[in-house]
Number of protein chains: 2
Amino acid sequence: MNIEQGRGVTTPAGFRAAGVAAGIKSSGARDLALVVNDGPRQEAAGVFTTNAVKAAPVLWSSQVLTERRLHAVVLNSGGANACTGPEGFQDTHATAEQVADTLGVGAIEVAVCSTGLIGERLPMDRVSMGVAAAAGELDSSQQAGFAAAEAVLTTDTRAKQACATHPDGWSIGGFAKGAGMLAPNLATMLSVLTTDAVLDEVQLDAALRYAVRLSYDRLDVDGGTSTNDTVLVLASGASGVRPDPGAFQEWLTAVCDDLVRQLRADSEGVTKEVDLHVRGAASEADAERIGRTVAEDNLVKTALFGSDPNWGRIAMATGRAGVPLDAQQLEITVNGVVLFAAGQPVGDRSAADLSGRFVEIIVDLHAGEAEATILTTDLSHHYVEENSAYSS
Amino acid sequence: MNIEQGRGVTTPAGFRAAGVAAGIKSSGARDLALVVNDGPRQEAAGVFTTNAVKAAPVLWSSQVLTERRLHAVVLNSGGANACTGPEGFQDTHATAEQVADTLGVGAIEVAVCSTGLIGERLPMDRVSMGVAAAAGELDSSQQAGFAAAEAVLTTDTRAKQACATHPDGWSIGGFAKGAGMLAPNLATMLSVLTTDAVLDEVQLDAALRYAVRLSYDRLDVDGGTSTNDTVLVLASGASGVRPDPGAFQEWLTAVCDDLVRQLRADSEGVTKEVDLHVRGAASEADAERIGRTVAEDNLVKTALFGSDPNWGRIAMATGRAGVPLDAQQLEITVNGVVLFAAGQPVGDRSAADLSGRFVEIIVDLHAGEAEATILTTDLSHHYVEENSAYSS
C-alpha cells in the first residue's frame with residue numbers, strides 16, 4: 001500500500017474540517033480545529049490515556065464514545081483543561097454543546113480534545129468565538145484538513161498528516177500531534193482518523209484498538225503518558241464499500257504507524273530515531289516491557305546521543321525490566337553488528353556505526369517466539385533545555 | 001543517635017581494612033579494597049541486585065552468602081566483571097581463593113564486589129598483585145577504613161563513610177559508592193557495613209533487609225538497577241554486647257540512610273536533592289511505585305533542574321504509575337506550599353520557591369495510611385554531558 005503524507009482527514013469522502021486562530025494561544029497561531037462527519041454513517045471509536053489523572057475532555061469524550069457514534073470532534077491547543085475541577089468539565093461540556101447546536105446534532109455526538117499546559121482554565125470566550133469561526137470555514141478541501149492538523153500543534157514544528165487509498169475505493173486519512181509528554185509543558189498526543197469505508201461499530205472499535213496497540217502504544221520517548229492522550233476514528237461510509245475487516249485493520253495500522261514515525265521525527269531534542277526490536281520473548285507483553293524499559297533508560301538514551309554503541313547499558317536495562325530471562329541466552333545487535341551473545345562480548349563494538357540519525361537495536365532473549373518493536377529517541381541537551389524552561 | 005561521617009568500617013572492633021592502587025584503573029588511583037572480620041564471630045548478610053543480568057561477583061557472593069558467614073570482602077573498581085562469561089566467573093573465583101589462602105580461611109567465606117565498565121575482563125595479574133599488597137596493609141585504623149572506602153570509587157568525587165556508636169558499647173560503620181547506574185559507564189552501588197554487636201545470623205539478615213528496603217532501595221536517580229549492586233553487613237561480635245534486635249535494626253537503617261544521602265549529594269550532575277514523600281496510599285507498595293515513577297520522570301526532573309514548581313507534571317507522573325487513585329483526592333505540596341488539591345490548582349505556584357538545592361515534594365493520595373519516601377535528584381545538562389561521552 002502507498003501511504004501519502006501531506007493529506008489527512010479530508011481525504012476520505014464525507015468529511016469536512018477547519019482550523020482557525022481563536023486567540024487561545026498568545027502566539028496568534030491556529031489553535032482550534034473541527035472535524036465533521038457528514039455521513040451517511042457515523043460509527044466511531046476512541047482510545048484514551050491510561051493515566052489515572054484524566055483531563056476534562058478525556059472524561060467527556062470517553063463517556064461520549066460509549067455510544068460509538070460521533071458527528072464531530074472539536075480540538076484545541078493552548079490549554080489541556082486538565083486538573084481544572086468541575087468548572088473545567090463544564091467548559092468541555094459547553095464547547096460540545098455549542099458545536100452540537102451549530103451542526104444541529106446532539107452534544108453526545110461531539111468529542112472534545114484539548115492540549116497544552118495542565119492546570120489552567122481555558123479562555124471560554126475565545127474558545128466560543130473559535131468554534132463559531134471554525135464552523136463557518138468547514139470545508140472538504142485538503143487545505144481545510146491541513147488547517148485542522150495545524151491547529152492542534154503545540155511545540156511540534158510541523159503538521160503531521162497521512163492517508164492511504166485502497167484499490168477497492170475506500171480510504172483512510174488522519175492527523176496527529178505530540179507524543180507522550182514529550183512536548184514539554186504542553187503535553188499530549190492527539191490523533192483523529194477518518195475513513196469512508198463502511199464498517200460496523202464493533203469492527204471499527206476492534207480495528208482501532210489493534211492499530212493503536214501496534215503504533216501509538218509502541219512509541220515511547222520519555223514514558224510520559226499524558227492526562228489528555230486521545231485517538232479517535234470516525235467512519236462515514238461515504239464510499240459505499242465494505243472492506244474486509246482484516247484488510248481495514250492492516251491499512252489503519254499502517255496509517256497510524258506512519259503518523260507515529262512523523263511524531264518521533266519531530267520530538268523534542270531528537271537527534272537519533274531508534275527502532276528497538278525485542279525478539280525471542282516468551283510473550284508479547286514481556287517483549288514490550290523490556291522494550292519500554294530500554295527505551296526509557298536515561299543511560300541508554302544518553303549513550304545513543306553520544307553515538308556510543310554501549311551494549312552494556314542495553315544489557316543492564318534489559319535485565320532490570322522485571323522479566324525473567326537467561327543472561328547466557330541474551331543477544332544484542334546494534335545497526336546489524338552483534339555485540340553481545342552467549343553471555344559474552346562479541347567482536348569490536350566500534351564496528352556498530354551510530355553516526356547516522358537512524359539506529360536499529362535488536363535484543364533477542366532466545367526464550368520464545370514473541371516480539372515487539374518500540375520506537376524511541378535519544379536524550380539530548382536540547383531535551384533538557386526545552387523541558388527545564390519555566391512553564392509560566 | 002549521632003551519625004558520624006568520615007569514619008567507617010574500622011570503627012567497630014574486630015575489623016581491619018586496606019585500600020591500594022593495583023593499576024586496574026589507568027588513573028593510578030586506589031582501586032582494590034579488603035575488609036576483614038577478625039571475629040570472634042563471622043555472621044554476615046547480603047542483598048544483591050534484582051537485575052536479571054548479574055555480574056560474576058554477584059553470582060559468586062550471593063552463593064557464598066547462603067552460608068551467612070564471611071571472613072572477608074574484596075572489592076575492586078575499574079571493571080564490573082559483568083557480561084564476561086564463564087571466564088569472568090573464574091576470575092572472581094580465583095580472587096576469592098587468593099584472599100582466602102592469604103587469610104587462611106575457605107574461599108566460601110570471601111565475598112567479591114566489582115564496579116566499573118560492563119563487558120570487559122579484569123586484568124587479573126594486577127588484581128592478584130593488589131590482593132597481595134592489600135593483605136600486607138590490613139589495619140584497624142581509621143586511615144585504613146578510609147583507604148578502602150576510596151578504593152571503590154568510580155566517578156564519585158569523594159569517599160562516603162558513616163558510623164554510629166551505641167551507648168551500650170557496640171557500633172556500626174560502613175562505606176558506600178555510586179547509586180543505581182548513575183555513575184555513568186561505571187555503574188553500580190556497593191556498600192559494606194560492619195558491626196561489633198553480637199547478633200545471630202537470622203537477626204542480622206532481617207536487619208539488613210529492613211534497612212536496605214528503607215534506604216538503598218529508596219534512592220532512585222535514574223531507575224538504573226545495575227548488574228553489580230551489592231550491600232553486605234559483617235558482624236564480629238567483638239563488643240561482647242548483644243543489642244535489642246529492634247534497636248540494632250533502627251541504628252543500621254540510620255547509618256544506611258546517611259550513606260544514601262551522601263550518595264545522592266554526590267550523584268552525577270545533581271543540582272537539586274529531592275525528598276519525595278508519597279502519603280495517604282492504600283499500601284506501601286503503592287506509595288513506593290508512585291514515588292519511583294515521579295522520581296524517574298524526565299519531565300519532572302527537568303522542571304526541577306529549571307527550579308519550576310510544575311505540579312502538573314507531578315500530577316501526570318503520579319497518574320501514570322499504574323496505581324488506582326482518585327484524582328479529586330490528590331494533593332501536591334512543594335516546599336511547604338499546597339499547589340493542587342481537590343482536583344484543582346491552589347493559589348500561586350510561584351510561592352513554592354525552588355531556588356535552593358533541597359526540595360521537598362509531598363504527594364498525598366488521601367486513600368489510606370501507607371507512605372514511602374523516595375530520594376532523588378534533578379536531570380541536568382551535566383548528567384547528559386557525562387553520560388553521553390563515549391565509554392571506551
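Note that the structure is a prediction, hence the values are computed from the model and not measured. Each chain gets a letter, A, B and so on, in the order the sequences are listed, and its residues count up from 1.
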Item to complete: Say whether S307(A) and K272(A), considering side chains only, have a donor N or O and an acceptor N or O under 3.5 Å apart.
Response: yes
The side chain to side chain contact (heavy atoms under 4.5 Å, CB included) partners of D91(B) (sequence neighbours excluded) come to N81(B), R121(B), M124(B)
Looking only at G343(B), A327(B), P345(B), C83(B), most heavy-atom pairs under 4.5 Å shared with chain A are made by C83(B)
Using a distance-only test with no angle check, is there a side-chain donor-acceptor pair under 3.5 angstrom linking N228(B) and S226(B)?
no
Please determine, by modelled atom types, if T376(A) and D220(A) share a side-chain donor-acceptor pair under 3.5 angstrom.
no
Bottom line for V300(B): the part with an atom under 4.5 Å from chain A's heavy atoms is neither
_For a 4.5 angstrom cut-off between non-hydrogen side-chain atoms, does M189(B) reach L219(B)?_
no
Pair count under 4.5 Å, heavy atoms only, with chain B: among A317(A), P86(A), G119(A), highest is G119(A)
When the 4.5 angstrom heavy-atom criterion is applied to S380(B) and chain A, the contacting part is backbone
If you tally heavy-atom pairs under 4.5 Å between each of A342(B), G85(B), G88(B) and chain A, the highest tally belongs to G85(B)
Salt-bridge contact R313(B)-D308(B) (side-chain N to carboxylate O under 4.0 Å): no
Honestly, the part of E385(B) sitting under 4.5 Å from a heavy atom of chain A is both
When the 4.5 angstrom heavy-atom criterion is applied to L330(B) and chain A, the contacting part is side chain
